[in-house]
Amino acid sequence: AQGVAEGPQSRAWSRCLSEVESARLINPRAAEAFTLAGRCRLATGDNRRAAEEFEGALALDPADLDALLGIAQVHASRGALNEAEARLREATRTNPRAWRSWYHLGALMLDLGRLDDADRALSQARALAGETSGLPAGAMADLALQRGDPNAALVHAERAVSLQPVAKHLHLRALCYLELGQESQAERDLRAAIYEDPDWWPAHGDLGRVFAARGEYAQAIDAFKRALTLKPDNAPAAQNLRLAERRLAEERRATTPPPR
């Protein structure tokens, strides 16, 4: 938890690797140790060595779910999406009752725009997860939004929030409300998402959109700037910021009396 909070440079990851090496001295045939080492390597951005660790785990246990998901993540980060898909499908074959295998496959299909494939995998993930996780429902909400069905998306987003009221799910529900023209509800959820995770940059950008739509350009500018601080390569926020600054300048010129 400490490493996740502090990021790739956290010393927690080196401590984790040290503990893993100690465990491997005791039991060098434990696939779990290789998998944990791979996750630590992945968290620090060392994809090459992470892949080696995951492959080591799979040599010992070909059905190790975390290793299969980890190696798929490595492939996806390299842009090797066919290889990532192959490993995720392998995960669904070897772990057919594990909701995470279907969820990650569905999420990849969603990213690739293969919406029917995503629907099949995510529906399976949602059924298997039951009440244990809101992630499949959140992905189903994203899928429904991509299909242009905000009403269906809202149903899934409500379930995701009820199971896991995290920033990502609150933001998803806000997007549903925006698509349905319910801006006050969207603003409520965007503020809640930012409260849950102040660094969740998409919520700042969409809150700026809400302000701009109401003509509250100064507040919109602040929100877009915050989004860009958190994610400097956020092109939509940069474009929206320029537009809001231009509108605010026009508004001020229109209300400034001419010189005597």
Side-chain angles (χ1 to χ4, degrees), residues 1 4-5 39 65-66 68-70 72-73 76-77 81 84-85 87-207 209-210 231:
V4 173
R39 289 168 61 189
L65 177 58
D66 286 321
L68 286 166
L69 297 181
Q73 186 176 345
S77 69
L81 301 180
E85 180 181 352
R87 288 307 182 104
L88 290 174
R89 292 198 179 278
E90 184 180 348
T92 64
R93 288 193 297 272
T94 56
N95 299 270
R97 302 298 300 170
W99 70 265
R100 290 190 300 138
S101 61
W102 295 100
Y103 166 72
H104 286 286
L105 176 61
L108 178 63
M109 297 298 97
L110 195 57
D111 288 342
L112 294 175
R114 290 163 54 181
L115 302 189
D116 289 341
D117 288 338
D119 195 348
R120 284 189 287 271
L122 293 173
S123 295
Q124 184 76 353
R126 182 185 56 187
L128 291 169
E131 304 291 316
T132 63
S133 175
L135 289 175
M140 291 291 287
D142 193 356
L143 172 62
L145 283 173
Q146 290 194 38
R147 284 177 162 169
D149 189 349
N151 286 296
L154 181 58
V155 173
H156 294 302
E158 292 280 12
R159 177 172 174 78
V161 170
S162 70
L163 292 172
Q164 285 179 273
V166 296
K168 179 179 181 179
H169 296 157
L170 289 161
H171 178 233
L172 268 171
R173 190 168 68 179
L175 293 178
C176 298
Y177 284 132
L178 283 174
E179 288 296 317
L180 293 168
Q182 301 176 30
E183 290 187 357
S184 60
Q185 292 94 325
E187 181 182 353
R188 178 200 65 197
D189 274 353
L190 290 169
R191 290 186 182 277
I194 291 168
Y195 179 82
E196 287 294 324
D197 183 358
D199 292 338
W200 187 253
W201 60 266
H204 290 278
D206 286 322
L207 185 59
R209 289 171 51 203
V210 171
K231 187 172 176 58

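- The structure places CG of Leu88 at 8.5 Å from CG of Leu68, a figure rounded to the nearest 0.5 Å.
- Remark: Ser133 engages Gln164 in a side chain to side chain donor-acceptor pair (under 3.5 Å) (not counting sequence neighbours).
- For the pair Leu115 and Leu110, the minimum side-chain heavy-atom distance is below 4.5 Å.
- Within the model, atoms CD of Glu90 and CG of Asn95 stand 9.5 Å from one another, a figure rounded to the nearest 0.5 Å.
- One distance of note links OG1 of Thr92 with CD of Gln124; it measures 9.0 Å at 0.5 Å rounding.
- Side chains of His169 and His156 form no contact here, defined as non-hydrogen atoms less than 4.5 Å apart.
- Between Gln185 atom CD and Glu183 atom CD the span is 10.0 Å, to the nearest 0.5 Å.
- Proximity of a side-chain donor or acceptor of His204 to a complementary backbone N or O of Pro198 within less than 3.5 Å is detected.
- Between the side chain of Ser123 and the backbone N or O of Arg120, no donor-acceptor pair lies under 3.5 Å.
- To the nearest 0.5 Å, atoms CZ (Arg89) and CG (Leu108) are separated by 9.0 Å.
- For the residue pair Val210 and Leu190, the shortest heavy atom distance occurs at CG2-CD1, 3.9 Å.
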Taking only distance into account, with no hydrogens and no angle test, what donor-acceptor pairs under 3.5 Å do side-chain atoms of residues 134-151 form with protein atoms, sequence neighbours excluded?
unit_1, atom_1, unit_2, atom_2, d
Arg147, NH1, Asp119, OD2, 2.8
Arg147, NH2, Asp116, OD1, 2.8
Asp149, OD1, Ala152, N, 3.2

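- With sequence neighbours excluded, the residues forming a side chain to side chain donor-acceptor pair (under 3.5 Å) with Ser77 are Asn47, listed by chain and number.
- Taken from CG in Leu172 to CG in Leu154, the straight-line distance is 11.0 Å, to the nearest 0.5 Å.
- Summarising the geometry of Pro165 relative to Leu170, their closest heavy-atom pair is O-CD1, 3.8 Å, with the distance given to 0.1 Å.
- The shortest non-hydrogen separation linking Ala84 to Ala72 is CB-O, 3.5 Å.
- When all heavy atoms of Ala91 and Leu65 are compared, the closest pair comes out as CB-CD1, 4.0 Å.
- Within the structure, every pair that satisfies the side-chain hydrogen bond (donor to acceptor under 3.5 Å, both in side chains) test and touches residues 188-198, not counting sequence neighbours, is listed here: Arg173-Asp189, Glu187-Arg191.
- Applying the side-chain hydrogen bond (donor to acceptor under 3.5 Å, both in side chains) test to every pair with at least one member in residues 96-115, sequence neighbours left out, gives these pairs: Asp66-Arg100, Glu85-Arg114, Arg114-Asp117.
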